[in-house]
Amino acid sequence: MRDYIVAVVGATGLVGNTILKVLEERSFPIKRLLPLASERSAGKFVHFQGERIPVKVLTKNSFRGVDFAFFAAGGSVSKAFVPYAVKSGAMVIDNSSEFRMDPEVPLIVPEVNGEDVLFEKGIIANPNCSTIQCMSALYCIQEVAGLKRIVYSSYQSCSGSGMKGLRDLDEGRYEFYPYPIRGNILPHIDAFLDNGYTKEEMKMINETKKILHDDDLKITATTARVPVRFSHCVSINVETEKDFDLEKIRQKMDDFPELVLWDEPARNKYPLPLQVEGRDEVYVGRIRRDESLEHGLNLWTVADNIRKGAATNAVEIGLECIKRGVVE
Ligand SMILES: NC(=O)c1ccc[n+]([C@@H]2O[C@H](COP(=O)([O-])OP(=O)(O)OC[C@H]3O[C@@H](n4cnc5c(N)ncnc54)[C@H](OP(=O)(O)O)[C@@H]3O)[C@@H](O)[C@H]2O)c1
């Protein structure tokens with residue numbers, strides 16, 4: 001295995017900066033790190049492996065010789081600059097929603113559909129943060145009992161909106177959200193569409209079908225912003241194809257990589273955002289039969305949206321590419 005030249009676009013942002021941390025924690029084989037951001041960051045530095053590395057301004061010529069380009073600077077930056085990175089021969093791992101539903105672009109949660117990296121054509125998309133944290137548990141249920149219908153209800157932290165969301169929460173103002181977020185809950189994430197859903201809700205619906213390879217799955221979603229700094233929670237109601245042994249599903253989840261069961265109601269043990277913040281795994285609890293359905297269950301998942309919901313999953317996609325020989 002060789003060492004790689006790795007660019008991080010948006011290295012000064014919440015996700016980009018965490019990508020740097022995770023690259024270091026996972027000992028990603030790096031020869032040279034290239035942190036990129038906008039002109040606003042000219043003269044700034046990032047810290048990586050004990051060194052201070054100057055941030056460079058992103059241009060279309062930034063990607064010469066780059067092996068991996070992690071994009072975490074929003075959809076418009078990805079739209080404008082990903083083609084230059086691909087043209088330079090870099091493997092792009094994109095955190096925005098720009099390419100996720102492109103049939104030519106794999107959308108990956110490595111523990112669930114890691115083999116899809118083999119279909120890459122230069123770009124791999126990192127799914128939406130709320131989608132990522134639901135995939136492992138749903139995959140376990142799919143394997144045991146088949147999936148028929150999913151109802152998502154999310155409770156998403158303000159860091160999901162980047163620095164702007166955290167500023168509204170921390171400073172008690174509302175420059176980014178349309179209402180104060182402190183002491184409030186907003187049933188509104190991203191723009192409203194003609195069908196009455198928000199874009200975030202449609203992302204959860206469409207991305208789930210793509211990752212679980214099931215276009216016929218029936219899914220609905222309501223996403224809400226809550227006054228929490230880090231970690232998203234998603235309540236998932238699932239109707240299955242057939243009956244199941246709940247213990248078998250629980251065991252499958254317990255054995256699944258990077259999925260942690262915290263499910264002991266008698267001891268008040270269930271995952272919470274404050275406990276999960278800073279961790280890389282997805283946590284699941286409150287697993288119980290849905291007594292209103294013939295075959296169904298409820299569960300509660302929590303993950304750090306900046307880590308597993310973004311940076312950690314992106315770095316794991318990169319490692320999957322190396323493991324499967326997609327990037328040599
Ligand atoms: N927050 C989450 O939970 C989450 C989860 C999954 C995916 N994502 C996605 O990850 C991306 C970044 O989100 P974030 O939360 O990290 O946002 P953020 O904290 O606001 O950071 C944005 C980053 O993008 C850079 N940037 C903005 N415009 C640029 C331009 N024209 N050229 C070069 N760099 C530019 C910024 O650089 P400057 O500092 O120079 O402005 C900054 O480094 C978005 O696509 C978002 O949808 C976020």
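Note that these values count all heavy atoms, side chains included, but never hydrogens, waters or copies made by symmetry. Read the numbers this way: they start at 1 and go in the same order the structure lists the ligands and their atoms.
For ligand 1, the polar-atom distance check against Pro127 finds no nitrogen or oxygen pair separated by under 3.5 Å. Among the atoms of Asn305, some N or O lies under 3.5 angstrom from an N or O of ligand 1. Where the criterion is an N or O separation shorter than 3.5 Å, residue side chain and backbone included, Val15 meets it with respect to ligand 1. The N/O atoms of Gly10, backbone and side chain alike, include one that comes under 3.5 Å of an N/O atom in ligand 1. For ligand 1, none of its N or O atoms has an N or O atom of Gly75 under 3.5 Å away. When only interatomic distances are considered, the shortest N/O to N/O separation between Ser161 and ligand 1 does not fall below 3.5 Å.
Ligand 1 places these atoms under 4.0 Å from at least one heavy atom of Ser159: 1 (N), 2 (C), 3 (O). When each atom of ligand 1 is checked for a heavy atom of Ser41 under 4.0 Å away, the hits are 38 (P), 39 (O), 40 (O). Atoms of ligand 1 found under 4.0 Å from any heavy atom of Ile306 (numbered from 1 in listed order, with element): 1 (N), 2 (C), 3 (O).
Around atom 37 (O) of ligand 1, the closest heavy atom drawn from Leu58, Thr12, Val8 belongs to Thr12. Considering each of Ser157, Ser97, Ala42, Ser38, the one bringing a non-hydrogen atom nearest atom 35 (C) of ligand 1 is Ser38. Between atom 30 (C) of ligand 1 and the options Thr18, Val77, Leu36, the minimum heavy-atom separation is to Val77. When Ala37, Ser78, Gly74, Ala311 are checked for heavy-atom proximity to atom 45 (O) of ligand 1, Gly74 turns out nearest. With distances taken over non-hydrogen atoms, the option nearest atom 22 (C) of ligand 1 out of Ser231, Ala72, Gly165 is Ala72.
Comment: Asp280 engages Arg26 in a salt bridge, judged by a side-chain N to carboxylate O separation of less than 4.0 angstrom. In this structure, Arg307 pairs ionically with Glu25, as a charged nitrogen and a carboxylate oxygen lie closer than 4.0 Å. A salt bridge links Arg250 with Glu247: the closest approach of a Lys/Arg side-chain nitrogen to an acidic carboxylate oxygen falls below 4.0 angstrom.
Protein heavy atom nearest atom 28 (N) of ligand 1, with residue, atom name and distance: Arg40 NH2, 3.4 Å. In this structure, atom 17 (O) of ligand 1 lies nearest to the protein heavy atom Gly162 CA, 4.1 Å. Here the heavy atom of the protein found nearest to atom 26 (N) of ligand 1 is Ala73 CB, 3.7 Å. Nearest non-hydrogen protein atom to atom 21 (O) of ligand 1 is Gly13 CA, 3.2 Å. When only non-hydrogen protein atoms are considered, atom 19 (O) of ligand 1 lies nearest to Leu14 N, 2.9 Å. For atom 7 (C) of ligand 1, the closest non-hydrogen atom on the protein side is Asn95 O, 3.6 Å. Nearest protein heavy-atom neighbour of atom 5 (C) of ligand 1: Ala310 CB, 3.6 Å.
A distance of 6.0 Å or more separates the ring centres of Tyr197 and Phe192.
Remark: the backbone N or O of Pro106 is not paired with any side-chain donor or acceptor of Lys210 at under 3.5 angstrom. A distance-only check finds a donor-acceptor pair linking the side chain of Asn95 to the backbone of Phe71 [under 3.5 Å]. A donor-acceptor distance shorter than 3.5 angstrom exists from the side chain of Asp304 to the backbone of Gly278, with no hydrogens or angles considered.
The stretch residues 80-89 participates, sequence neighbours left out, in no side chain to side chain donor-acceptor pair (under 3.5 Å) pair at all.
Cation-pi geometry between Arg289 and Phe244 is met: the NZ or CZ atom falls under 6.0 Å from the ring centre, inside 45° of the normal. For the pair Arg286 and Tyr270, the cation does not sit on the ring face, since its NZ or CZ is not both under 6.0 Å from the ring centre and inside 45° of the axis.
The hydrophobic cluster around Leu293 extends to none of the other residues, as no ILVMFWY side-chain heavy atom falls under 4.5 Å of it.
The cluster map of Ile, Leu, Val, Met, Phe, Trp and Tyr, joined by side-chain heavy atoms under 4.5 Å apart, puts Val22 and Leu34 in different clusters. Under the 4.5 Å side-chain contact rule for hydrophobic residues, Val8 and Val327 share a cluster.
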